[in-house]
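For ligands, and for the atoms within them, numbers begin at 1 and follow the listed sequence. Residues take their numbers from the sequence shown, with the count starting at 1.
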Amino acid sequence: MPFPLLATTPISSPLSPKNPLHRQPTKSPNNTYSLRLPNTISCEQKQVNNDGSSHQGIDRRNVLLGLGGLYGAATTTMAGGKVANADGGPVQPPDLSMCILATDSQADDEPVNCCPPNYSMSDIIDFELPPSYEPVNQRKPAHKLSPREIKRYKAAIAKMKQLNPKDPWNFMQQATIHCTFCNGAFFQVNYPDKLLQVHGNWLFLPWHRYYLYFWERILGKIIGDPTLAIPYWNWDTADGMFMPSVYLDDESSLYNDKRNHEHYKALMDFNYKNEPTPTPNPRPDEYRKVINRNYEMVEALFTKDQLAKASLFMGQPIVAGEEMSSKEMTENAGAIETLHNLAHEWVGPVAKPNHDMGNFYTAARDTLFFAHHANVDRMWDIYSKKRGYKVEFNDPDFLEASFLFYDENRQLVRCKVSDSLSAEQLGYTYAPEVCPWEGIGRRIRKEKTAKKQEAKKQLQLVEVSEFGTQPRPLDDPIRALVRRPKKNRSKLEMEEEIEVLVVDNIQFEPGTNIRFDVYISKPIEGLATPDYGEYAGRFSRIPHIHNKKFHHTGKARLQIGITELVENINAESSKGLVVTLVPRMGYPSIGGVFIELQEVDY
Ligand code: C2O
């Protein structure tokens, strides 16, 4: 049974509006779920009302129904791919009284204090979703705010900045929350040597969703306007690929001077390298090329593979007590986190330690952080809707993982991941915007094929060999012929297992920015065409946790689903693929490249 793509049918079963876990599970006819996504679930479809009108008329329960039907037996199905050495259960919130000095990896492990002002743990309540009679607030693109909305937002932030510095609502206090969860200010409860970290794993999206959620509500409270919605940086559209101008007014509360001033008027290039000499902005006649390339990268977030296996998009599972920061730590960010790093690098200044946006320790001191993350959150929203709200990981270790935040009543609340899975349930939504990146890959491929046909005769094929068994430095592009575990798979096989390209044992200096892009192409009788082929995905990492006590070398693994891409380049009958790793930033080394089959989520 294909799962419902959008639930628009009337509600008949009694659903608890609060916690999707308490809803009746909908049984699938058998235990095998396969992801049968037609190619055509468009991003615009994510808007329940497709006419571009406001969301006031939405029955939020429609969205809930989607969730409820997909929850299944949360307690019996475990997501695969867990690499935990011990199943420590869901990650628990930290003990606030045990806050330690965090570290700034780019400043020689300079200890930094981001401990919250109030250490009392006695006064924590469980988070409750906002009542459904509350209006749904609509987050809009920052470059499309009305003058009234701009004024309101600036006023709210100005007030937040003026609060008592010890007030948990104070702008800097809010900013340091990010530091505590990214730079190692807390050990995990019961694991005195394992630091808490919400980046590089499946907690990335839920944690940041809550962070913004409370920030938004606190701002609303501060100005006494509960309808306040934070704007988002709509960097996935051509008009939005610039720093939104409201953030550049140096007289306003949204301004932050610790940015790369070269980029104030520049088109954001997703291939940007932060080098001492700023990348010259493309000439306007080259804008199209850059924009399309950016679009391609956004579109690559939503391949069938990524939709079929949430860990590829969200990040890999992590459980309590698992190494989040140690010699053995492996970072396993999902595609969205990886792509999101770019805006941090783009906004942050070139000079190390790249404060503010370019370094996780200080990132949230820039108001643009929240606009950026609102769009990241919107990408998750699009992702969820494209999956028909099928829960990303039907696993208590995910759903029951929890965090602590100060809410809009200055109350500490414990928030579970399971309550974060739908924006609408949290009382906000995203203004319907077109997604110009949809279908871009197909269009570009068409053009390329036409060109290739012309140039075919002059095409010089080059030899490629296998990666080998030794780690290799990635200074220049590495090209390798990688064997596929199986060719000519049937449609059914493809629905049950996706083909995943793994770049393994990526090692790097933890205090550095690392980025490389991955392309694949179809070999021609064991030889490769000189061009890299199709963009498949990216590895990227921003300096964050680095505590010499714990680890000296950063280690990560990159996984990219390539089933759809292989189909698109008609390589299903090939024994292997040509994989090209193109370094963009930093000097990582690569342990190995291989392709494996992985079961889809259900
Ligand atoms: Cu917590 Cu953009 O990172």
Side-chain angles (χ1 to χ4, degrees), residues 91 94 102-106 112 114 142 172-186 195-216 230-236 243 247 256 258-260 268 270 272 274 298 301 313-315 318 324-325 331-349 353-380 401 403-405 415 417 420 510 513-515 538-546 556:
V91 169
T103 47
D104 182 4
S105 60
Q106 283 199 326
V112 292
C114 37
M172 279 304 274
Q173 287 297 341
Q174 285 291 310
T176 57
I177 293 174
H178 192 254
C179 171
T180 54
F181 284 90
C182 313
N183 294 70
F186 291 113
L195 293 169
L196 204 51
Q197 174 57 265
V198 295
H199 299 84
N201 58 57
W202 65 5
L203 302 177
F204 173 73
L205 288 169
W207 187 86
H208 287 82
R209 174 167 283 177
Y210 273 127
Y211 185 32
L212 265 64
Y213 169 83
F214 290 113
W215 201 72
E216 179 170 78
I230 59 176
Y232 64 90
W233 180 2
N234 194 193
W235 39 249
D236 57 307
M243 287 190 208
Y247 291 84
N256 180 331
K258 291 186 178 164
R259 294 180 184 148
N260 185 340
M268 179 153 74
F270 288 19
Y272 161 68
N274 60 348
V298 177
L301 295 174
F313 179 81
M314 310 265 296
I318 194 154
M324 287 180 164
S325 175
E331 294 173 3
N332 282 296
I336 180 64
E337 182 178 347
T338 296
L339 191 67
H340 119 286
N341 286 347
L342 191 274
H344 279 279
E345 291 163 335
W346 179 258
V347 178
N354 309 114
H355 296 163
D356 285 343
M357 262 288 265
N359 185 314
F360 280 164
Y361 154 48
T362 49
R365 294 178 185 179
D366 190 335
T367 55
L368 246 181
F369 173 95
F370 297 91
H372 172 43
H373 269 274
N375 205 38
V376 170
D377 187 67
R378 176 174 159 262
M379 292 292 136
W380 183 19
F403 318 113
L404 280 182
F405 287 96
C415 312
V417 165
S420 75
N513 291 67
I514 304 293
R515 188 193 321 146
R538 147 173 297 186
F539 177 81
S540 157
R541 184 187 186 279
I542 291 189
H544 49 94
I545 244 187
H546 175 212

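- Residue contact annotation: H372 places no N/O/S atom under 2.8 Å from atom 2 (Cu) of ligand 1.
- For N375 and D377, the side-chain atoms include no donor-acceptor pair closer than 3.5 Å.
- Between the NE2 atom of H340 and the NE2 atom of H344, the angle taken at atom 2 (Cu) of ligand 1 works out to 90° after rounding to 10°.
- The aromatic rings of H178 and H199 stand perpendicular to each other, their planes meeting at an angle above 60°, with 30° marking the opposite boundary.
- Here the two rings, on F405 and W215, have centers that are 6.0 Å apart or farther.
- The shortest side-chain heavy-atom distance between F403 and V417 falls under the 4.5 Å cut-off.
- Draw a line from atom 1 (Cu) of ligand 1 to NE2 of H178 and another to NE2 of H208, and the angle between them is 110° (to 10°).
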